[in-house]
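What follows is a short report on a single structure.
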Amino acid sequence: MTVRRTVFGRPLRGVAFDVAVAALVVLVSLAAAANQPGGWAATAVGLGMAVALLFRRTHPSAVTVAVAALALIQVIARWGPLIYDVAVLIALYSVVKYGRRLRDGVLAGAVAAVGVLLAAAQTPNVIQWWATALWYALVTGAVWLVALNVRTRRLYVLSLEERATTLEREREAESRAAVAEERTRIARELHDVVAHSMAVMIVQADGARFMLDRDPAQARTAVKVVADTGRQALEEMRRLVGVLRDAGPAGSDGADGLAVAADPEHRRLALAELPDLLARFDDAGLHVRSTVTGEPPALPPGLELTVYRVVQEALTNALKHAGVGAGVEVVLSYTAEAVVVRVVDDGRGRPLVSPAPSGGHGLLGMRERVTVYDGSLTAGPRLTGGWQVEVRLPLPSEPATEVIAA
């Protein structure tokens, strides 16, 4: 990190340069004091110009006015152009380069043009007047143009620095937003793991409690389902918490860390896992039937995860609301344009002894997942009883690398 030394809020190098310029004007004023017209009075004018030049960067317009006023005194006194009048050119350069508005530099140039005419008017004949005026005009015009070029380059560099700073802030904001979005997705994953697993575990635990004396074998089976479901939920929660723990801080590589860390594990929950998911809900008390129509294409991992979570959420809702013993039909239809998921229950199950926990975001979470892939979701009761959930997810036209929508 570069440490910039300052004096009164100004860079030390700039202050030192301005002091050197003012000191040079002082020296030439004192050196010519004995031989120049006006003597020490003219020298005092030069010293005043030198003092004014100390503030040429911070107050360029005021410095130009002060130097021009002192130069006017010199013209009125008919001391003629003196060597310290280089301060006029320095002030003109400063107001063009550092002035807040270019209009100030244009006005200073007009005043300098008038000063050229007044200075040339002190020459004894017309030929010398034209020669002097042309020389002063060329020098003054050259200084004004050089200052304008430097000003333009300075403003261009400042605009590049400002643009780079803005882009850096935007990148940091995008990184923070990406981290927040990924953490929200992981929070939805945690909801799925906890709510769905707890629903199955509560149903099985209630069943085991009531069947413990009547049918110990069935009670042992229910307890085994509870244990297996709990182990799976613990494994998934450990994975998700590990992703959060390993993620970098917001604004650095946190978003990339979350995406990279989450991606390999997300791929585990794919369509190949659906039979195991249906079997778990069948063990939990639902009568699940599954149908697949069409040829399953190679889906992006995120789209597979969305299909998996939609089926999981719909079966969990059926278990909680339709009850144990309800019949549920899961239909996956593949076409060249879309994947259609349809989950229908008959609503004829037995009510749960105690209500299963609900995260309160089931349908909302499904809708958010589906929206990521420009899909549509319809859910509602059926006229013949039960509930129906239907999701249509359009297939991507070309395979592409994606960020998984969890």
Side-chain angles (χ1 to χ4, degrees), residues 5-100 102 104-123 131-151 153-154:
R5 298 181 179 181
T6 59
V7 177
F8 301 115
R10 295 171 56 190
L12 178 60
R13 180 182 299 179
V15 173
F17 183 80
D18 291 344
V19 171
V21 170
L24 179 63
V25 175
V26 169
L27 289 177
V28 297
S29 299
L30 294 176
N35 301 322
Q36 66 187 0
W40 286 103
T43 301
V45 171
L47 295 178
M49 291 183 178
V51 173
L53 291 180
L54 292 173
F55 308 96
R56 69 186 188 90
R57 297 177 191 262
T58 56
H59 302 86
S61 298
V63 169
T64 303
V65 171
V67 171
L70 293 172
L72 180 61
I73 293 175
Q74 176 186 338
V75 171
I76 294 175
R78 301 186 67 82
W79 292 333
L82 301 175
I83 189 171
Y84 60 69
D85 285 334
V86 69
V88 176
L89 299 177
I90 297 174
L92 177 63
Y93 176 90
S94 301
V95 72
V96 175
K97 179 180 178 180
Y98 299 112
R100 293 185 178 180
L102 182 60
D104 296 340
V106 174
L107 182 61
V111 172
V114 175
V116 165
L117 296 178
L118 293 176
Q122 301 185 39
T123 55
T132 303
L134 181 60
W135 168 249
Y136 288 163
L138 289 176
V139 173
T140 304
V143 170
W144 195 93
L145 290 175
V146 169
L148 178 63
N149 182 64
V150 174
R151 174 192 177 91
R153 179 175 177 79
R154 174 172 170 267

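Because the structure is a prediction, the values reported are computed rather than measured.
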Problem - Side-chain donor/acceptor of Asp85 to backbone N/O of Leu82, under 3.5 Å - result: yes

Problem - Leu53 side chain near Asp18 side chain, heavy-atom distance below 4.5 Å - result: no

Fill in the blank from the handout: Residues passing the side chain to side chain contact (heavy atoms under 4.5 Å, CB included) test with Leu54, sequence neighbours excluded, are Val19, Ala22

Exercise for the section: Would you check if Leu70 and Val88 make a side-chain contact, meaning some heavy-atom pair closer than 4.5 Å? Expected result: no

Exercise for the section: Spell out, as yes or no, whether a donor-acceptor pair under 3.5 Å connects the side chain of Tyr84 to the backbone of Ala42. Expected result: yes

Fill in the blank from the handout: Nearest heavy-atom approach of Thr64 to Ala108 is CG2-CB, 4.1 Å

Exercise for the section: Taking the side chain as every heavy atom from C-beta outward, state whether Leu47 and Val51 have any pair of such atoms under 4.5 Å apart. Expected result: no

Completion exercise
In short, Ala112 meets Thr140 closest at the heavy-atom pair CB-CG2, 3.7 Å

Problem - Donor-acceptor under 3.5 Å (Trp144 side chain, Gly105 main chain) - result: yes

Practice task
Kindly check if the number of other-residue, nucleotide or ligand heavy atoms within 6.0 Å of CZ (Arg154) is above 12?
Solution key: yes

Exercise for the section: Mark yes when over 12 heavy atoms from residues, nucleotides or ligands other than Leu145 sit less than 6.0 Å from its CG; otherwise mark no. Expected result: yes

Fill in the blank from the handout: For Gly46 and Val25 the tightest heavy-atom approach is O-CG1, 3.7 Å

For a quick test of your reading: what N or O donor-acceptor pairs under 3.5 Å do the side chains of residues 91-100 make, sequence neighbours left out?
| unit_1 | atom_1 | unit_2 | atom_2 | d |
| --- | --- | --- | --- | --- |
| Ser94 | OG | Arg56 | NH1 | 2.9 |
| Ser94 | OG | Ile90 | O | 2.8 |
| Tyr98 | OH | Arg57 | NH1 | 2.8 |

Completion exercise
Here the pair of heavy atoms bringing Val116 nearest to Ala137 is CG1-N, 3.9 Å

Fill in the blank from the handout: Taken to the nearest 0.5 Å, the spacing of Leu118 CG from Leu72 CG works out to 7.5 Å

Problem - Criterion side-chain contact (heavy atoms from CB on, under 4.5 Å) on Thr58 and Val63, from CA distance to verdict - result: CA-CA 9 Å; Thr58 56; Val63 169; over 6 Å; no

Fill in the blank from the handout: For Gln74 and Pro81 the tightest heavy-atom approach is NE2-CA, 3.5 Å

Exercise for the section: Compare all side-chain heavy atoms of Trp40 with those of Leu30 and state whether any distance is below 4.5 angstrom. Expected result: yes

